[in-house]
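Remarks on the structure that follows.
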Amino acid sequence: MKEYDLIIIGGGAGGFASAIKADELGLKTLMINDGLPLGGTCVNVGCVPSKTLIYRAKLVHTVKKKFPGIKPSLDELDFSKVIQEELELVDKMRKEKYEKVLSSLENVDFVKGYARFVSENIVEVGGERFKGKKFVIAVGSRARVPEVEGLKEVGFLTHISALSLKRLPKSMIVLGAGPVGLELGQAFSRFGCKVTILHRSERPLKFADAFLVNRLIKILEEEGIRIILSAKAKRVEVKGEEKVVYFENSGVHPGGVRMYTPGVHNSASAEEILVAVGKVPNTKGLGLEKAGVKTDGQGRIIVDKFLQTSNSNIYAVGDCAKLPLRLETTAGREGTLAVENAFENRKEFIEYSAVPYTVFTDPELAGVGLTEEEQAKKYGVCSCRVLDFKNLPKAGIEKRTEGYARVVVHPQTEKVEGFHILSERASELIFPASIFVKKGFSVKEVAEAIPIFPSYSEVFKYLALSFYKDVSKLSCCV
């Protein structure tokens, strides 16, 4: 039986970050992976392919919207070539960023297969056993399939199969208005697919700023996407060449937040159904009970803030861990910290309240820190300001004035506690915003900053100045 200082189960973002750090520390390490190829969700079936498709769809939409004299014909669109280019990029990045990286790690061995714990410090892979002093579990997640009568029999797409379609469907029903549902729904719509999105609750993206979500939903509907909220799918069947989803729709949207819902409907039909209702951790079959590792009722591994499980020698990171903000970025950082904590006796952790996220719709929706609702609940008051991008010169230059942004400031200390942005390039803007939040910048310090003119980064200065002045009455240079 081979013995290792560290055994990593999973070859995605968290697993690779762990392997790189372990190699730097000179630890004898084994990585075990199967299911998705090396690189896991992000490079193979998540961030890279989806954002590639989204960007291509944005190009088509931008030409149609901004240059009315140019009329691209979607009838001549070769969707198969769009997908081929996407998959070629995935293959290239997997080889460059994962396969070659793994081969360069001198202290890391690799075994392809599914690992299963047979004791607290031994795993079995294809009949062969390996012993480890420490473990990092980074097995990721898969698409959750809702229990809807007839859905499995009729057939459906997940984000994986949707990103490898060779032919553009004429129409699509998306179950779920989370990040995946909204991103892919908009992308397919812009390529010419008629899209209907059904969302179970009265409000999508509950983690985000309610006003900005409301605005995003309106923008998507203006593009022609049919969005029905409070719609609980009950049954699916085939009628002719289409699939029909029957659902309950209360039409009620409590909480004082008005969402845009085009009427009350009992059914929707389309050529394809895309399931985008969340994730399930890939922990089933790992034999965690043999290792003394506890999970919650949904299969997520319970860890402390130092990423340690109920077994002090086993750590868990990424989508399979029960922690806030399950992102590629957090998985990578967690993988590094897990190895440092395990082998360097450190007590490092992530301040998730200062970790930014982005929903890659167009415009993008990004945020970090407290929302208006969260601050009101925490302090009983809200010290916030909203900026209409009509007051941002760069947005006017590029004809992207549909955006808004909000800053949340501590009511007593005036330190910035949250930024939320719906705009072009929000994914780029939210990183400096996260620094303001993490370092506790005051609104005065942000107001005194000197950003580039004209640029979208001026949004921070204008938001901060709005605590003291009417920014609609300011000149460009302030």
Side-chain angles (χ1 to χ4, degrees), residues 5-19 21-22 30-36 40-42 46 114-125 130-145 178 206-207 277-355 357 374:
D5 296 316
L6 175 66
I7 294 179
I8 301 166
I9 305 175
F16 261 81
S18 295
K21 174 53 65 173
L30 173 66
M31 175 184 282
I32 304 168
N33 183 69
D34 210 336
L36 289 177
T41 294
C42 184
Y114 291 99
R116 178 178 61 88
F117 282 96
V118 295
S119 71
E120 290 189 352
N121 61 350
I122 298 175
V123 292
E124 185 174 86
V125 184
F130 304 92
K131 186 176 183 179
K133 294 177 182 177
K134 306 276 186 179
F135 292 81
V136 172
I137 302 174
V139 292
S141 63
R142 64 186 183 279
R144 186 172 76 85
V145 180
K206 291 183 179 180
F207 55 83
V277 295
K279 303 175 181 178
V280 177
N282 291 320
T283 53
K284 187 176 181 180
L286 271 177
L288 296 177
E289 66 284 351
K290 296 284 184 67
V293 174
K294 294 181 179 180
T295 62
D296 68 359
Q298 299 178 35
R300 296 174 296 183
I301 298 174
I302 299 171
V303 297
D304 61 18
K305 67 178 182 178
F306 308 116
L307 308 167
Q308 199 168 36
T309 71
S310 50
N311 182 329
S312 61
N313 291 318
I314 301 178
Y315 294 72
V317 304
D319 281 357
C320 67
K322 187 178 182 180
L323 288 167
L325 286 175
R326 299 300 77 208
L327 308 170
E328 187 272 348
T329 49
T330 53
R333 183 61 180 152
E334 288 162 4
T336 299
L337 295 184
V339 175
E340 291 178 346
N341 291 343
F343 290 94
E344 297 187 306
N345 295 317
R346 298 171 67 174
K347 292 291 184 180
E348 300 290 337
F349 61 93
I350 294 175
E351 295 179 18
Y352 292 98
S353 61
V355 173
Y357 70 82
E374 290 169 339

task: Determine the sole option in V118, I32, L30 for which the side-chain contact (heavy atoms from CB on, under 4.5 Å) test with V123 is passed.
output: I32
- prompt: Is there side-chain contact between L323 and Y352, with at least one heavy-atom pair below 4.5 Å?
  reply: yes
- request: Measure the spacing between OG of S119 and NZ of K131 and express it to the nearest 0.5 Å.
  value: 8.0 Å
Heavy-atom closest contact (S18 atom, V136 atom, distance): OG-CG1, 3.5 Å
- prompt: Roughly how far, to the nearest 0.5 Å, is OG of S310 from CG of D304?
  reply: 10.0 Å
field: Separation between CD1 of I301 and CD of Q308, rounded to the nearest 0.5 Å
entry: 13.0 Å
query: If you take all heavy atoms of K21 and T336, which pair is closest and at what distance?
result: CE-CG2, 3.8 Å
message: Please find the pair of heavy atoms, one from A316 and one from V303, that lie closest to each other, and give the distance.
response: CB-CG1, 3.7 Å
field: Worked verdict on K305 versus E351 for salt bridge (charged side-chain N to carboxylate O under 4.0 Å, His left out)
entry: CA-CA 9 Å; K305 67 178 182 178; E351 295 179 18; over 6 Å; no
task: Please test V355 against L327 for side-chain contact (heavy atoms from CB on, under 4.5 Å), starting from the C-alpha separation and ending with a verdict.
output: CA-CA 10 Å; V355 173; L327 308 170; 4.2 Å; yes
task: Begin with the C-alpha distance, continue with both residues' side-chain angles, and end with the deciding distance and a verdict on side-chain contact (heavy atoms from CB on, under 4.5 Å) for F135 and N121.
output: CA-CA 8 Å; F135 292 81; N121 61 350; 4.3 Å; yes
task: List the atom of T330, the atom of I350, and the distance in Å for their closest heavy-atom pair.
output: O-CD1, 4.0 Å
- request: Indicate the atoms forming the closest heavy-atom contact of G285 with R116, along with that distance.
  value: O-CG, 3.6 Å
message: Within the structure provided, determine whether I122 and F130 are in side-chain contact (heavy-atom separation under 4.5 Å).
response: no
- prompt: Between K134 and D5, is the closest basic N to carboxylate O distance under 4.0 Å?
  reply: no
- line: Nearest heavy-atom contact between A138 and G14 is CB-C, 4.1 Å
task: Would you check if the side chain of T283 reaches a backbone N or O of G299 as a donor-acceptor pair within less than 3.5 Å?
output: yes
- prompt: Could you state the interatomic distance from CG (L307) to CZ (R333), rounded to the nearest 0.5 Å?
  reply: 10.0 Å
- prompt: E334 side chain to G318 main-chain N or O, any donor-acceptor pair under 3.5 Å?
  reply: yes
field: Between SG on residue C320 and CG on residue N282, distance to nearest 0.5 Å
entry: 8.5 Å
field: Identified salt bridge (charged side-chain N to carboxylate O under 4.0 Å, His left out) counterpart of D319 within the set R300, K279, R142
entry: K279
Gap between atom CG of L288 and atom CZ of F117 - 0.5 Å precision: 6.5 Å
message: For F207 together with Y357, are the ring centres under 6.0 Å from each other?
response: yes
query: Ion pair present between E120 and K290, side-chain N to carboxylate O less than 4.0 angstrom?
result: no
- prompt: Got F343 and L6 here, is their nearest side-chain heavy-atom distance under 4.5 Å?
  reply: yes
- prompt: Is the backbone of V293 close enough, under 3.5 Å, to the side chain of N311 for a donor and an acceptor to pair up by distance?
  reply: no
task: Determine, stepwise, if the pair N341 / R346 fulfils side-chain hydrogen bond (donor to acceptor under 3.5 Å, both in side chains).
output: CA-CA 4 Å; N341 291 343; R346 298 171 67 174; 5.5 Å; no
